[in-house]
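Before any comments, here is the structure.
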Amino acid sequence: APRRLHSCGFTHTIRHRTKYNYPNSYIGLYIQSDKMDKKIVAIALLAAIIITGSSAAILLTRDDGSSDGVTETGRVLVYGNANNDDYLDERDVEAINKIIDGDELWDKVKYPFADTNADGRITEDDVTLLKKFINNEDCLMYYKDTWGTTSYVHYPLKGKIGVMDWRQSDLAVCLNIWDDVVACGTAGMNDIKHPGFSDKAIYGSGYYVDAETVMQSGKDLGVTCLLAYTGSDGTAQEVKNALLKSGSNIDVIAVDRTDLRVMTMTTATLIGKTTEGHAYVDYCDKLLKQTEDALMTIDADQAKSVLIVQVYKTTTTDNISVMVNSPSPHPLYELLHNHTLTDVVTPIEYGSGWYSVTDAEWILDQDPDYIVFTVASSLWSKGDKDDAQIQAEFEDYCKTLFGQTTAYKNGNIIATDHSAFGGQMCYLVGYKVLSMIYPELISAESGDEALNAWWDLDFGNGSLEQFPQNKVRILSDKN
């Protein structure tokens, strides 16, 4: 019988790998074990590892403090999105007018955000405010934040931006507002992935920004908006409450990250970058559709068991974090689980996040066909080590954790960086991982096209043209 697992609340994410041309800010590892000599080989990109992170359900809180359970069909959790799609436009005006005219009742499940000014009533004032959004006029825009409460921002965005950590910095790059960021946390940052980072003001480590520092950035640097880290281990809510209490004009944008398409599109709407937001959502939707179409063709005898493991510096054979079927699973896990690709090897128990803790013996008992190995930055920082030393350490570590498994013996261990797996690139990473697990369904060429499209759409700094093949070192005699 499987060994019992101990729940924990990890909510971190990961990054990327492939043997293609990434900018120097990315290290990707694709690990294979040679079936003959059991030797692990890796393809690594030159750089320091930068790591650090479904339909969305939300509670609509009314003025009386009670809530209605609503499932969103759109990705814009902004009041005024009356028809619950991905846009604020004349169709929302029409939907609200139908309610005002009595042609339709206000169905809060069908129209969860029809109340543009969030006052609990549908009136002409809601139409007036919505038209200000559409015409880009100064006003307050209300949205549902990560804590399930109604928040607002001053619209359109004016002034400079602060970000709490690498997740919000990646989002700023993706939405083409990185040049407006003047202050940021240090976690997971560097000058390649986030150009000019070292010249910006520093808030601190990222998770634990204090309100006084943020307020000072408003006075000294003109910050009017803070993109907040929304994990439970951060200080975003404390900062938001302190800013409100002080009367500061700095808006805190804190959108739930369960579905990055929802988070990105909602944030893009709040800051007036909907074109960039739609480009990102369309890209992710296309990847998911291609993936789902491919997975639908799998027969039971083709299905492969997959285990997703998160490795930290504290990981030992007795303490290994494995991905579980949580209420809001990672997109790759959800794809595998929903399409029943044999077993997505998983424990029954889970904590508050994506992972629970088990040990190497449990993993050997499950003996999955593939292990997706997500690596945190604390594990292998380059420092004074050369590539050969890092490679040797990695090989020893991987053999210690997984050396007895079928996946290791068959060369079916895929390693990827923590911040890509759960950051803005998570859909791309999932697609690339599945192209390695099911190459007969998702070709390597298709994976390359998806990667090229990421840079072509300017979702990240750098390009394949800037970082050609000679920037990639093959750390093995095996291609």
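Below, all heavy atoms of this structure are taken into account, side chains as well, without hydrogens, waters or symmetry copies. The structure presented is a predicted model; accordingly, all values stated were derived computationally and were not measured.
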Counting N and O atoms only, with roles assigned by atom type, does the side chain of Y283 sit under 3.5 Å from a partner on the main chain of A450, one being a donor and the other an acceptor?
yes

Could you grab the distance from atom CD of Q424 to atom OG1 of T264, nearest 0.5 Å is fine?
4.0 Å

What's the shortest heavy-atom distance between S446 and Q290, and which atoms?
OG-NE2, 4.0 Å

Looking only at heavy atoms, what is the nearest atom pair of A236 and A228, with distance?
CB-CB, 3.7 Å

K132 charged N/C atom sitting above Y155 aromatic ring, 6.0 Å / 45°
no

Counting only N and O atoms by type, is there a donor-acceptor contact under 3.5 Å from the side chain of T128 to the main-chain atoms of E124?
yes

Scan side-chain atoms only and decide if H194 and D170 contain a donor-acceptor pair under the 3.5 Å cut-off.
yes

Any side-chain to backbone donor/acceptor pair from T266 onto L77? Under 3.5 Å, distance only.
yes

Between K158 and D138, does any side-chain N to carboxylate O distance fall below 4.0 Å?
yes

Side-chain donor or acceptor of D125 paired with backbone N/O of L129 under 3.5 Å
no

Residues R75, D259: salt bridge by 4.0 Å N-O rule:
no

D101 side chain to D103 backbone, donor-acceptor under 3.5 Å
no

Heavy-atom closest pair, residues E276 and F459
O-CE2, 4.4 Å

Evaluate side chain to side chain donor-acceptor pair (under 3.5 Å) for Y152 paired with D251, printing each intermediate quantity in order.
CA-CA 8 Å; Y152 65 84; D251 297 324; 5.8 Å; no

Where N117 and D119 come nearest, the two heavy atoms and their spacing
OD1-OD1, 2.9 Å

Quick one: closest heavy-atom pair of C225 and I250, and the distance?
N-CG2, 4.0 Å

